[in-house]
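Data first, discussion second: the structure below is written as structure tokens.
Heavy-atom basis, side chains included; hydrogens, waters and symmetry copies ignored. So that the names make sense, note that chain A is the first sequence line, chain B the second, and so on, each numbered from 1.
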There are 2 protein chains.
Amino acid sequence: MTDGSVRRGRKPVISRERVLDAAADALANAGADSISLRAIARSLGVVSSAIYRHYSSRDELLTDLIVQTHASLGEHVTRAEASVASSDTRERFAVIVRSTRAWAGQNPHRYALIYGTPVPGYRAPQSILEPAAVVGSLIARVIADAAASGGTLPADPARDAAAPAFVPLAEAFGLEPELAPAVAEGVAVWSQLFGHLSFELFGHYVGVVDDVDAYTEFLIADMSRRLGLSRPAERSQG
Amino acid sequence: MTDGSVRRGRKPVISRERVLDAAADALANAGADSISLRAIARSLGVVSSAIYRHYSSRDELLTDLIVQTHASLGEHVTRAEASVASSDTRERFAVIVRSTRAWAGQNPHRYALIYGTPVPGYRAPQSILEPAAVVGSLIARVIADAAASGGTLPADPARDAAAPAFVPLAEAFGLEPELAPAVAEGVAVWSQLFGHLSFELFGHYVGVVDDVDAYTEFLIADMSRRLGLSRPAERSQG
DNA sequence: GTATCTCAAGAGCGGTGCTCACTAATACTT
DNA sequence: AAGTATTAGTGAGCACCGCTCTTGAGATAC
């Protein structure tokens, strides 16, 4: 194989990748509950037990799917954010929110897989932590850039009191300890963002929020204010 | 039966209530995926098809379970909030948040049932909307009482711009249209609260927020400020 | 040409939701 | 008291699920 030893037996007709792709298709079309090994095997023209040569259990397949899904969301949002002038932290944050929401709206089942109820008996392995942090770390970078260009957070004693606990997280993102209050607020914004998206996608806004597009823009404004983000024009004016 | 007509056939050994209770037990112990009609029937000493005399499908049972679960959360939070002096809107809100979180922590599977991924193919019937609104309407009442006792929201043009869309919701809660901005902020707080709880329960805070108790208190302070809530002492001083 | 290794096939276990013909049990009618 | 209508639980069965294990097909190494 890749390590110099030559593969000996029968040629595989399916691979880990092909199984994963088939699972991703099933997920996109019908939700996590319809990801059955038997249906995947059927779609690959193979018998169900053949899957077990490549995945030892359905959970292992789901884990790969979760990692892949986090990566997909991360790529989508990273690409969208890269198209905004880096000095416009306010717009960068807005684009992070809008593109996350757009991805979720286009991939509701994939969103539910990573931000809905965890699959029973499933514990997130270390391999998930990094890709899962993409949106959060994009927010962290916006916070850092805003601070570097002179942005300041609105006064909030409670936030500053909570800040010391976020020094390690700030350091994990490569930020100065002085940014811990901003990181604390960033975590609040981060969980609020996904709370908002989950409420929208899971139907909790029915009869409560009609125009979710407009409401999202309000939330962006609200969260930007709390993070001390502003447009370059605003700063030069104020 | 209750309507004058007399029941004719064989006496039922199970009832809708007994089935629902058995399902609630299964849910509390092992999560929604383990709520199987066969297991419930087994625990009731009856054959699985007997359930269908009382519930036409598993989905119908889950719907009842969701309604019951919303009611349970609503009662828990309502009772907790009732023990706080009604003039202390800040503390009332804090107790709403803390008791919601406490209920969620004690009933993780029940929480996941109502705030996690919706069960596939499931559409919330009208019967769910009212009980699902309990926490939201408690927040609305706090907002109204805070406004009635002279509390004001911090200035926020974006929120006021979004407010007109929330006039109908304010009216649905029996509030004046002038409170629409507060309602808009209330909805944001409401979804943020459940975003926070979902992140905690679904494991997204692992490696990010260590002391969730303390972090929740920060969020309470942050959200209270945005809602213009204050303690009576603070108002008389300021 | 045989031994060895690899992979898929296929049967099978126990689980699921759900349907349907059947029967036991009850109450009203004759 | 006998018969009938009505109701509820039984049990067999269908199609699906995850998973295991034995078997045989295919490819390389010796």
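In this structure A:R92 satisfies the salt bridge (charged side-chain N to carboxylate O under 4.0 Å, His left out) test together with A:E81, A:D145, sequence neighbours excluded. Considering only residues two or more places apart in sequence or on other chains, A:R141 meets the salt bridge (charged side-chain N to carboxylate O under 4.0 Å, His left out) condition with none of them. B:R98 pairs by the salt bridge (charged side-chain N to carboxylate O under 4.0 Å, His left out) definition with B:E91, B:E217, not counting sequence neighbours. In this view, A:D64 and A:R16 satisfy the salt bridge (charged side-chain N to carboxylate O under 4.0 Å, His left out) rule, not counting sequence neighbours. For B:D210, there are no side chain to side chain contact (heavy atoms under 4.5 Å, CB included) partners, not counting sequence neighbours. Under the side-chain hydrogen bond (donor to acceptor under 3.5 Å, both in side chains) criterion, B:Q68 pairs with no residue, sequence neighbours left out.
The stretch residues 182-203 of chain B participates, sequence neighbours left out, in these side-chain hydrogen bond (donor to acceptor under 3.5 Å, both in side chains) pairs: A:Y205-B:S191, B:R101-B:E200, B:Y111-B:S198, B:E185-B:R226, B:Q192-B:R226, B:H196-B:Y205, B:H196-B:T216.
For the pair B:E60 CD and C:dC18 C1', the computed distance is 14 Å after rounding to whole Å. A:D33 places its CG atom 15 Å from the P atom of C:dT16, with the value rounded to the nearest Å. C:dG10 atom P lies 13 Å from atom CZ of A:R38, rounded to whole Å. For A:H54 and C:dA8, the NE2 to C1' distance is 9 Å, given to the nearest whole Å.
Residues of residues 41-50 of chain B that place a heavy atom closer than 4.0 Å to DNA chain C, in numerical order, are B:R42, B:S48, B:S49. Contacts of residues 8-18 of chain B with DNA chain D (heavy atom under 4.0 Å): B:R8, B:G9, B:R10, B:P12, B:V13, B:I14.
Protein chain A contacts DNA chain D over a range whose 5' and 3' limits, counting nucleotides with an atom under 4.0 angstrom from a non-hydrogen atom, are D:dC17 to D:dA29.
B:D211 places a side-chain N or O within donor-acceptor distance of the main-chain N or O of B:A214, the cut-off being under 3.5 Å. Not a single donor-acceptor pair under 3.5 Å links the side chain of B:S137 to the backbone N or O of B:A140.
Defining each end axis of the helix from C:dG1-D:dC30 to C:dT30-D:dA1 as the rotation carrying four pairs' C1' atoms onto the next four, with five pairs an end, the two axes are found to diverge by 30° to 10 degrees.
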Could you pull out all donor-acceptor pairs under 3.5 Å where a side-chain atom in residues 42-53 of chain A meets a protein atom, sequence neighbours excluded?
residue : atom : partner : partner atom : Å
A:S43   : OG   : A:I40   : O            : 2.8

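The shortest non-hydrogen separation linking B:Y215 to A:A184 is OH-O, 3.3 Å.
Counting any heavy atom pair closer than 4.0 Å across all strands shown, B:I40 reaches no nucleic acid atom. Using a 4.0 Å heavy-atom cutoff across all strands shown, B:R58 reaches sugar-phosphate atoms only and no base atom.
The CG atom of A:D222 sits 11.0 Å away from the CD1 atom of A:I220 when rounded to the nearest 0.5 Å.
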